[in-house]
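So the structure is just underneath, and the comments pick up after that.
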Amino acid sequence: MVFECVKCDLTVKGELVAEYSYSLDDIFFEKTKYTILKCPQCFGPAIVKSEGELQRDGDYDWRRSQIFPQEEFHVNPAIPQKLRDALLESLKCYRGKSFTGTAVMCRRTLEGFCREKDINESNLLKGLQKLKENGEINDQLYEWADQLRLTGNEAAHNIDSVFTAEDAKNIVEFTIAILDFSYSFKDKFSNFKNRINR
C-alpha cells in the first residue's frame, strides 16, 4: 500500500507492520481497517484508514485516507508517476517558501498533464483547450487550468511579480484538483453509475 512519507517528501510503497479491522454489524456490509506501514527509506511510520463497503460482487469498495502523519496536501497515487514527481517538486518549492517557483512548477505539471493525455499542441493554451474538447476536463476545470497557465507565465516572465504563501497554496490546490478529477473522480463516478444502473 502506498502512502505519503512527509519526512522523505515522497509517495512510497509502505512495508506492512500491522493491520486491524472491524465491522459495526454482524453481516459485514461495512468494514473499517487500520493499517500501520513503515517507510522503506526513513523507516518512519504511517497509519492508513480504509473504509470498505460490500459490493454486489462480494468485493469491498475501499476508500483510503492517511490519518498519520497528516499532510497538508494529498497527492493521489492514481496520478501517473511523472506528474506526481512534478507535483512533489512544486510542494518542495512551497515548503521552501519559493512561491514563484511553486507557480512555475504547477504550470509545468499542467504541460505534463497534456502530454500524458497525448496532446502535443504548440503551446499550453491550445493544449488546455484540447483537454476540454476531449472531455478530459470540464468548463470549470478549464477555467482553473487557464488561470494557472497565466499565473505560471507571470511567474516565469515577470521579475516584478510577487506571490504570497496563500497564492502558492491555492495554485497547488487547484493543480491537484484538476489531476484528481481526471485520474480519480471521473473513474469513481463512472463506477458508481455502473453499480446503481445494473
Side-chain angles (χ1 to χ4, degrees), residues 2-4 11 50-53 55-56 59-66 70-94 99-158 161 163-198:
V2 297
F3 73 94
E4 291 172 42
T11 301
S50 304
E51 295 175 290
E53 187 175 325
Q55 304 300 299
R56 292 184 181 134
D59 287 333
Y60 282 89
D61 179 27
W62 294 101
R63 298 174 309 282
R64 292 185 171 90
S65 58
Q66 184 170 317
Q70 286 192 323
E71 176 54 84
E72 186 175 7
F73 302 102
H74 173 68
V75 178
N76 196 319
I79 296 169
Q81 187 65 52
K82 284 184 181 179
L83 295 181
R84 283 208 316 271
D85 290 344
L87 266 177
L88 291 170
E89 194 169 336
S90 71
L91 292 178
K92 285 180 184 176
C93 290
Y94 174 75
F99 303 134
T100 302
T102 305
V104 172
M105 281 306 304
C106 285
R107 186 192 189 285
R108 184 170 180 246
T109 303
L110 288 179
E111 289 175 344
F113 178 42
C114 290
R115 283 196 297 276
E116 283 289 326
K117 295 297 182 180
D118 294 321
I119 293 171
N120 298 298
E121 296 293 335
S122 57
N123 60 53
L124 184 55
L125 174 60
K126 290 180 180 176
L128 296 176
Q129 289 169 342
K130 196 79 171 174
L131 283 174
K132 187 172 86 165
E133 287 170 22
N134 293 352
E136 292 292 343
I137 56 176
N138 60 23
D139 289 343
Q140 179 67 73
L141 293 179
Y142 171 78
E143 184 182 350
W144 293 359
D146 192 46
Q147 186 59 56
L148 291 173
R149 175 188 68 83
L150 294 170
T151 303
N153 287 350
E154 183 77 9
H157 302 297
N158 185 353
S161 292
F163 295 91
T164 67
E166 186 178 12
D167 295 334
K169 181 179 180 184
N170 289 156
I171 288 166
V172 171
E173 288 171 335
F174 291 132
T175 304
I176 288 173
I178 290 165
L179 297 180
D180 272 347
F181 173 81
S182 184
Y183 290 106
S184 182
F185 290 109
K186 277 177 71 176
D187 287 343
K188 283 182 181 177
F189 185 68
S190 177
N191 292 339
F192 167 72
K193 280 203 308 185
N194 289 338
R195 282 198 313 272
I196 64 173
N197 292 327
R198 283 181 188 165

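The model shown is predicted, which means the values in this text are computed figures rather than measured ones.
- Heavy atoms from other residues, nucleotides or ligands lying under 6.0 Å from CD of Q81 number more than 12.
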Begin with the C-alpha distance, continue with both residues' side-chain angles, and end with the deciding distance and a verdict on side-chain contact (heavy atoms from CB on, under 4.5 Å) for T102 and F163. CA-CA 9 Å; T102 305; F163 295 91; over 6 Å; no
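- The shortest side-chain heavy-atom distance between E136 and K130 does not fall under the 4.5 Å cut-off.
- Heavy-atom contacts from other residues, nucleotides or ligands closer than 6.0 Å to NZ of K117 number more than 12.
- Annotation: side chain of L148 is not in contact with side chain of R107 (no heavy-atom distance under 4.5 Å).
- Heavy-atom minimum distance, G127 versus C114: C-SG, 3.8 Å.
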With side-chain contact (heavy atoms from CB on, under 4.5 Å) as the test, would you mind laying out the steps for S161 and T100 before giving the verdict? CA-CA 8 Å; S161 292; T100 302; 6.0 Å; no
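- Taking every heavy atom of both residues into account, L128 and I137 meet most closely at O-CD1, 4.0 Å.
- A distance of 9.5 Å separates NZ in K132 from CD in E143, rounded to the nearest 0.5 Å.
- Of the possible donor and acceptor atoms, one in the side chain of D167 sits under 3.5 Å from a partner among the backbone N and O of T164.
- The shortest non-hydrogen separation linking M105 to A86 is CE-O, 3.6 Å.
- To the nearest 0.5 angstrom, L131 atom CG is 11.5 Å from D146 atom CG.
- At least one side-chain heavy atom of I119 sits less than 4.5 Å from a side-chain heavy atom of N134.
- The residue from Q147, E154, R149 that alone fulfils the side-chain contact (heavy atoms from CB on, under 4.5 Å) condition with T151 is Q147.
- Here the shortest heavy-atom pairing between A145 and L110 reads O-CD1, 3.7 Å.
- Side chains of E116 and Y183 form a contact here, defined as non-hydrogen atoms less than 4.5 Å apart.
- Expressed to the nearest 0.5 Å, how far CD1 of I176 lies from CG of L87 amounts to 5.5 Å.
- To the nearest 0.5 Å, the span separating CG on L88 from CG on L83 amounts to 11.0 Å.
- For the atom pair CG (D85) and CD1 (I79), the distance works out to 11.0 Å, reported to the nearest 0.5 Å.
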Could you walk me through whether Q129 and Y142 pass the side-chain contact (heavy atoms from CB on, under 4.5 Å) test, one step at a time? CA-CA 8 Å; Q129 289 169 342; Y142 171 78; 3.4 Å; yes
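- Within the model, atoms OH of Y94 and CD of E173 stand 8.0 Å from one another, a figure rounded to the nearest 0.5 Å.
- Closest approach of Q55 to Y60, counting heavy atoms only: CG-C, 4.4 Å.
- Heavy atoms of other residues, nucleotides or ligands lying less than 6.0 angstrom from CZ of R108 number 12 at most.
- Considering all non-hydrogen atoms of both residues, A156 and V104 come closest at N-CG2, 4.0 Å.
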